[in-house]
Colleague: 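This structure is in structure tokens; I'll ask about it shortly.
One-based numbering, in listed order, for ligands and for the atoms of each.
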Amino acid sequence: MANPAGAIGIFDSGIGGLTVAQAIHKLLPNEQLIYIGDTAHMPYGDKSPELIRKYATDISENLINSHQCKALVIACNTASAAAYEKLRDTFKGRLPVINVIDPMVEYIISQNNIKHVGIIATKATVASGVYQEKLARRKKELKFSILATPLLAPMIEEGFYNDNISSAVLHEYLSNDILKDIDSLVLACTHYPLIKNQINDFYNSAIPLLDSAEVVAHKLQYILQKENLLSQSRNNKDEFYVTDYSKHFAESAKIFYGEGLQLNKKSLA
Ligand code: DGL
């Protein structure tokens with residue numbers, strides 16, 4: 001079984017998972033994080049489930065075999081939808097695997113004031129039917145409306161946020177009739193919290209926006225505690241890798257994670 005002194009492995013297709021990494025860092029400052037953004041294959045949202053599973057498996061194996069990670073966080077809804085079950089089964093008995101969808105579903109169903117939840121996500125997440133299936137099964141009376149917003153993650157990755165282009169794209173998506181009458185909105189892609197302020201502006205802050213970063217950090221804390229894997233003191237610095245170096249990733253990562261972030265290129269071959 002895993003070693004409590006090991007690091008937490010976290011991955012996403014790019015910059016989005018940093019929102020999850022940041023929440024974990026805040027809640028569990030003693031834990032070392034090793035982050036991989038798969039920028040060579042970004043966006044995952046328009047890939048087939050088979051290909052996403054392959055990318056997710058390659059990255060996970062690297063985090064576990066080369067970095068001896070003690071827990072794995074799939075900080076991407078698209079990869080969680082396509083690859084969670086495979087990764088959980090592959091690494092069963094070796095280390096816990098946490099996805100970003102289940103903690104969010106738990107949260108939604110626990111909130112009695114949520115009657116009609118809107119969900120925005122990548123095409124692959126919407127097509128997987130994972131949110132739809134889990135919500136319908138867990139809370140029959142809950143109404144949900146899900147919309148694919150495929151331009152958002154690449155737009156953010158390219159550095160378009162807090163500007164007129166991103167506002168226009170968001171306006172187009174959020175005005176869709178599908179999202180009429182929702183009382184809360186799930187940002188079901190880990191990139192979307194990076195444009196939370198703009199989404200809030202669209203709704204004049206009248207709709208609660210739910211993102212998975214904090215609920216996932218708490219879920220990880222719970223699991224590490226249960227498995228006696230919590231680190232008592234920090235010995236090593238966090239490490240951040242990308243599979244293809246991108247200037248936007250480097251800049252945005254610093255904006256969202258702090259100037260001290262040192263970005264390295266990782267080859268998975
Ligand atoms: N950040 C990802 C997610 O949570 C995916 C973005 C993409 O690569 O399409 O779904």
Side-chain angles (χ1 to χ4, degrees), residues 9-24 35-60 72-84 87 97-105 107-108 118-132 134 146-161 166 169-170 173 185-196 199 209-217 219-220 240-244 246 248-249 252-253 256-257 268:
I10 305 179
F11 75 90
D12 177 47
S13 58
I15 183 184
L18 286 174
T19 57
V20 179
Q22 202 171 40
I24 294 173
Y35 184 95
I36 299 181
D38 193 9
T39 45
H41 301 125
M42 156 85 206
Y44 280 6
D46 56 15
K47 306 284 190 302
S48 67
E50 294 74 24
L51 197 56
I52 298 165
R53 270 195 285 280
K54 186 196 170 323
Y55 295 153
T57 305
D58 289 349
I59 294 175
S60 303
L72 187 66
V73 178
I74 312 172
C76 171
N77 285 262
T78 311
S80 294
Y84 168 62
L87 297 178
V97 179
I98 290 125
N99 71 76
V100 288
I101 297 179
D102 288 321
M104 177 51 75
V105 167
Y107 179 79
I108 296 167
I119 303 166
I120 52 174
T122 65
K123 274 196 280 193
T125 300
V126 174
S128 75
V130 171
Y131 273 99
Q132 299 91 313
K134 286 183 194 269
I146 185 159
L147 178 72
T149 48
L151 288 180
L152 296 186
M155 174 187 93
I156 294 164
E157 199 76 23
E158 281 300 320
F160 291 100
Y161 35 79
S166 50
V169 174
L170 259 180
Y173 281 139
L185 181 68
V186 180
L187 311 184
C189 169
T190 53
H191 282 68
Y192 301 172
L194 302 172
I195 50 169
K196 205 171 188 173
I199 302 177
L209 304 179
L210 315 177
D211 78 71
S212 50
E214 276 178 32
V215 286
V216 170
K219 180 75 178 182
L220 174 67
F240 296 87
Y241 298 95
V242 279
T243 50
D244 185 33
S246 93
H248 293 301
F249 187 97
S252 301
F256 293 113
Y257 206 86
L268 296 174

Colleague: Backbone, side chain, both or neither: what part of Thr122 comes under 4.0 angstrom of ligand 1, heavy atoms only?
Modeller: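 For Thr122, only side-chain atoms sit under 4.0 Å from ligand 1.
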Colleague: Does the side chain of Ile199 reach to within under 4.5 Å of the side chain of Lys196, using non-hydrogen atoms?
Modeller: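 A side-chain contact under 4.5 Å is absent here.
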Colleague: Around atom 10 (O) of ligand 1, find the nearest protein heavy atom and jot down its residue, atom name and distance.
Modeller: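 Protein heavy atom with the smallest distance to atom 10 (O) of ligand 1: Thr78 OG1, 2.6 Å.
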Colleague: Would you kindly say whether Tyr84 and Asp102 are connected by a side-chain donor-acceptor distance under 3.5 Å?
Modeller: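 Side-chain D/A pair, Tyr84 to Asp102: absent.
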Colleague: Where does Ser13 meet ligand 1, judged by heavy-atom distances below 4.0 Å: at the side chain, the backbone, both, or neither?
Modeller: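 The answer is the side chain of Ser13.
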Colleague: Between Val97, Ile59, Ile98, Asp12, which is the residue that forms a side-chain contact (heavy atoms from CB on, under 4.5 Å) with Ile74?
Modeller: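 Only match with Ile74 under side-chain contact (heavy atoms from CB on, under 4.5 Å): Val97.
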Colleague: Parallel, tilted or perpendicular: which one describes the rings of His41 and Tyr55, with boundaries at 30° and 60°?
Modeller: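 Parallel: the ring planes of His41 and Tyr55 meet at under 30°.
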Colleague: Do the side chains of Val126 and Leu147 get nearer than 4.5 Å, heavy atoms only?
Modeller: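 No, every pair of side-chain atoms sits at 4.5 Å or beyond.
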Colleague: Tell me which part of Pro43 gets within contact of ligand 1: side chain, backbone, both or neither, using heavy atoms under 4.0 Å.
Modeller: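 Near ligand 1, Pro43 shows its backbone as well as its side chain.
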Colleague: Taking both backbone and side-chain atoms of Thr125, is any N or O found less than 3.5 Å from an N or O belonging to ligand 1?
Modeller: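 Among all N and O atoms of Thr125, none is under 3.5 Å from an N or O of ligand 1.
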Colleague: If you measure from each non-hydrogen atom of Asp12 to ligand 1, which part falls under 4.0 Å: side chain, backbone, both or neither?
Modeller: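 The part of Asp12 near ligand 1 is the side chain, not the backbone.
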Colleague: Let me know which of Thr122, Asp46, Thr190 forms a side-chain hydrogen bond (donor to acceptor under 3.5 Å, both in side chains) with Thr78.
Modeller: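 When Thr122, Asp46, Thr190 are each tested with Thr78, the side-chain hydrogen bond (donor to acceptor under 3.5 Å, both in side chains) holds only for Thr122.
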Colleague: Counting only nitrogen or oxygen atoms and a 3.5 angstrom limit, does Gly45 reach ligand 1?
Modeller: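 N/O-N/O distance under 3.5 Å: yes.
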Colleague: Looking at Met42, which atoms of ligand 1 are within less than 4.0 Å of one of its heavy atoms?
Modeller: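 Every atom of ligand 1 under 4.0 Å from some heavy atom of Met42: 8 (O).
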Colleague: Report the nearest protein non-hydrogen atom to atom 1 (N) of ligand 1: residue, atom name, distance rounded to 0.1 Å.
Modeller: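 Heavy-atom neighbour on the protein nearest atom 1 (N) of ligand 1: His191 ND1, 2.7 Å.
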Colleague: Using a 4.0 Å cut-off to any heavy atom of Ala153, which atoms of ligand 1 qualify?
Modeller: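 Reading through ligand 1 atom by atom, the close ones are 6 (C).
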Colleague: Is the backbone N or O of Glu50 less than 3.5 Å from a side-chain atom of Lys54, with the two atoms forming a donor-acceptor pair by type?
Modeller: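 No: the side chain of Lys54 does not pair with the backbone of Glu50.
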Colleague: Can you sort out which atoms of ligand 1 are near Cys189, meaning under 4.0 Å from one of its heavy atoms?
Modeller: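 So the atoms of ligand 1 that pass are 1 (N), 2 (C), 3 (C), 4 (O), 5 (C), 6 (C), 10 (O).
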Colleague: Does Tyr173, at its OH atom, have more than 12 non-hydrogen atoms belonging to other residues, nucleotides or ligands within less than 6.0 Å?
Modeller: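 More than 12 heavy atoms, drawn from other residues, nucleotides or ligands, come within 6.0 Å of this atom.
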